[in-house]
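Accompanying notes for the structure given below.
In this chain, residues are counted from 1 in sequence order. This is a predicted model, so every value here is computed, not measured.
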Amino acid sequence: MTLLFDTIKTHSMLLLLLTVFIIPGLHIHKVEAFKAPFRPGDILPLLPRQVSWPILIKLNNAVDLLPSFVGAASATNNSILHWKGACFYNNTAWLEFHNNTGTQFGGATLHIKVSNAHSWTCMDLYVFATPYRVTWDYYFLSREHTLDFKEWESEAELEYVKNRGVSIFLMQAGMLGTLQALWEVLPLFTNTGWGENANLAFLKKHMGANFEERPQPWVTNITVDDVHSGDFLALSKIRGRWGGFETLEKWVTGAYAGHTAVCLRDSEGKLWVAESGHENEEGEDVIAILPWDEWWEFELTKDDANPQIALLPLHPDHRAKFNETAAWEYAKSMSGMPYGYHNLIFSWIDTINGNYPAPLDAHLDSIGMPNKVASVMTVWTQMEPAYAGNLWNEALNKRLGTQHDILLSPQNLSLSEILVEVEKRGSSFGELLAIPEQDDWVYADGKSTSCVAFVYELYKEAGLFGQLASSIHVTEFTIKDAYSLKLFETNSSRLPKWCNDADTVKLPFCQIRGKYRMELPGYNTMDPYPHMNERCPSLPPKYLRPVGC
């Protein structure tokens with residue numbers, strides 16, 4: 001993403017120079033059809049922020065960063081691909097194989113002819129991908145352009161391109177619209193007031209969140225004796241690294257919180273907090289068990305993500321059957337383990353095309369593969385191979401049955417090999433992504449649990465799911481799924497006296513920190529059932545789900 005952003009900034013400056021110094025000197029031929037010198041949307045991002053921002057925020061948004069699949073350029077039967085771009089309305093592409101380098105597998109030239117631009121100042125930005133590589137280019141001149149693939153990486157890539165072609169993705173907002181979309185996303189991760197406002201604006205715009213301000217004080221004077229083992233903590237961070245990450249997570253899952261933890265009392269009655277996602281001294285996100293006072297002090301004084309925090313007390317019936325000994329055994333067995341990156345995205349992706357906010361799932365190819373998802377994964381794998389592999393490669397190999405085994409396989413399949421293997425099996429990448437995660441899967445670094453999976457695996461061990469425990473995989477739970485489950489207090493008169501004491505609105509749970517009133521739509525409404533949350537769509541803005549998914 002950094003490289004792409006640097007590319008866009010460079011090209012935008014070139015466009016500014018063209019607009020100011022070159023275009024005014026051009027003469028239009030008498031027989032040329034009329035073309036507007038520019039459109040406001042082309043140059044607005046180049047104007048001062050106080051002028052352009054209020055207009056552009058209405059024209060473009062973060063989803064414009066998602067490329068739109070226009071087709072696959074192929075050499076089969078001399079086929080030519082046609083499409084309409086964001087800038088150029090008449091475009092064609094075709095692929096021509098060659099072996100100019102005299103290598104084993106040869107290469108190819110992608111021909112792209114663009115014409116009929118809607119203005120002089122626009123340009124189109126494209127991403128070109130196979131399972132083995134990703135590149136991009138931009139066009140602002142009406143003519144035929146070429147993109148040369150000097151040589152294919154392997155026979156597998158050659159065969160793939162022969163059969164499937166080179167996928168072409170259009171940045172549908174255009175070059176500067178893409179820059180503006182980046183301008184909406186990048187502030188989400190900044191630890192500033194601007195970043196916080198950007199997160200609030202994003203969630204209001206894309207999810208319909210309210211963020212009503214609460215009366216002060218914004219921190220509750222908690223009586224710790226009223227907090228029990230199994231009580232659930234929901235956090236919503238709204239600035240900085242975690243704030244930006246949580247905002248995007250909320251958008252795709254429909255959750256109104258982005259992090260979770262659980263309370264535990266030891267045999268001496270001391271209160272602790274167990275969570276997956278605590279940053280240790282080495283800067284690693286791990287599972288940790290912290291004394292309540294230490295955890296609470298950090299959230300009050302050191303957490304620069306400005307967290308909004310709610311305590312969700314267990315219902316007395318569930319508290320009565322909560323097995324503290326079993327809960328502690330599980331928590332201690334996981335302490336120090338890495339945060340659950342392996343299955344993080346798979347709690348969100350349950351269906352072939354019902355979990356990708358538009359326009360991410362705008363195109364499914366002939367075998368149902370969500371090309372944009374595969375494209376994004378391919379880009380990320382090229383730029384951050386170790387991190388990307390940690391996020392999905394091992395999990396995808398488990399779904400294929402090709403996971404690393406010293407006796408059976410020397411190594412896991414790479415992402416490109418996974419894509420080819422899926423096609424060989426007559427399946428689709430979308431179907432592979434939708435295979436439910438299994439709680440008993442063990443990864444190279446141990447069992448993998450995200451923040452919510454860790455809490456709910458602890459609930460399973462503590463007996464809260466009873467006989468359903470073996471038929472429910474909590475690694476499939478999103479945070480929304482977690483707070484929607486009917487496990488929490490239903491009688492507001494039994495909530496602690498200090499719960500929402502200073503707020504004019506009495507929430508069904510206890511918000512203990514935060515300037516903005518927390519919303520948890522669907523809170524405490526769903527009874528557990530076998531294989532829950534394994535096949536559920538999650539599309540904004542309503543995030544409707546069928547019964548029993």
Side-chain angles (χ1 to χ4, degrees), residues 1-23 26 35-47 52 56 59-60 62-73 81-95 108-130 133-150 165-186 359 371-372 375-376 378-379 382-383:
M1 182 62 74
T2 302
L3 180 58
L4 176 59
F5 187 44
D6 289 342
T7 302
I8 291 172
K9 289 193 294 184
T10 302
H11 294 162
S12 299
M13 185 57 65
L14 288 173
L15 177 59
L16 176 60
L17 294 173
L18 283 168
T19 304
V20 175
F21 296 109
I22 300 176
I23 290 178
L26 296 179
K35 183 185 297 182
F38 65 89
R39 286 191 178 182
D42 297 334
I43 63 170
L44 273 171
L46 303 176
L47 300 177
S52 63
L56 280 167
L59 298 179
N60 300 106
V63 298
D64 291 327
L65 286 174
L66 303 174
S68 175
F69 180 78
V70 300
L81 180 67
H82 298 265
W83 74 94
K84 179 180 178 180
C87 170
F88 295 96
Y89 287 172
N90 185 21
N91 306 281
T92 57
W94 64 97
L95 193 66
T109 299
L110 178 63
H111 299 264
I112 300 176
K113 187 174 183 179
V114 301
S115 61
N116 195 19
H118 68 63
S119 76
W120 292 347
T121 56
C122 70
M123 63 175 68
D124 276 337
L125 173 65
Y126 287 96
V127 176
F128 307 96
T130 78
R133 72 182 71 211
V134 173
T135 187
W136 45 74
D137 205 350
Y138 67 95
Y139 308 117
F140 62 87
L141 294 178
S142 294
R143 64 177 178 84
E144 182 180 321
H145 304 266
T146 59
L147 181 69
D148 193 44
F149 298 90
K150 292 184 178 180
V166 174
S167 295
I168 301 176
F169 300 86
L170 168 70
M171 302 305 291
Q172 56 196 359
M175 178 69 78
L176 294 180
T178 301
L179 178 61
Q180 162 55 24
L182 282 167
W183 191 248
E184 184 183 13
V185 168
L186 294 179
N371 279 298
K372 292 181 187 177
S375 172
V376 170
T378 303
V379 171
Q382 295 287 335
M383 299 176 74

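To the nearest 0.5 angstrom, Cys87 atom SG is 9.5 Å from Asn116 atom CG. Taking OG1 from Thr146 and CG from Asp137, the interatomic distance works out to 9.0 Å, rounded to the nearest 0.5 Å.
For the pair Asn91/Tyr126, a side-chain contact is recorded, criterion being any heavy-atom separation below 4.5 Å from C-beta on. Leu170 is listed as a side-chain neighbour of Asp124, based on a closest heavy-atom distance under 4.5 Å. Contact of the Leu125 side chain with the Tyr138 side chain is registered, since non-hydrogen atoms from C-beta on lie closer than 4.5 Å.
Ring geometry for His145 against Tyr139 counts as tilted: the plane angle lies between 30° and 60°, on a 0 to 90° scale.
Scanning all heavy atoms of the two residues, the minimum distance from Thr92 to His82 falls at CG2-ND1, 3.1 Å. Scanning both residues, Cys122 and Ala117, for their nearest heavy atoms gives SG-CB, 4.1 Å. Summarising the geometry of Leu110 relative to Ala73, their closest heavy-atom pair is CD1-CB, 3.3 Å, with the distance given to 0.1 Å. Here the closest heavy-atom approach between residue Ala93 and residue Ile112 is recorded as CB-CG1, 4.1 Å. Closest approach of Leu95 and Ala108 over heavy atoms only: CD1-CB, 4.0 Å. Across Ala86 and His118, no two heavy atoms sit closer than the pair O-CD2, 3.1 Å.
Checked against ring pair (Phe, Tyr, Trp, His ring centres under 6.0 Å), Phe128 has no partners two or more places apart in sequence or in another chain.
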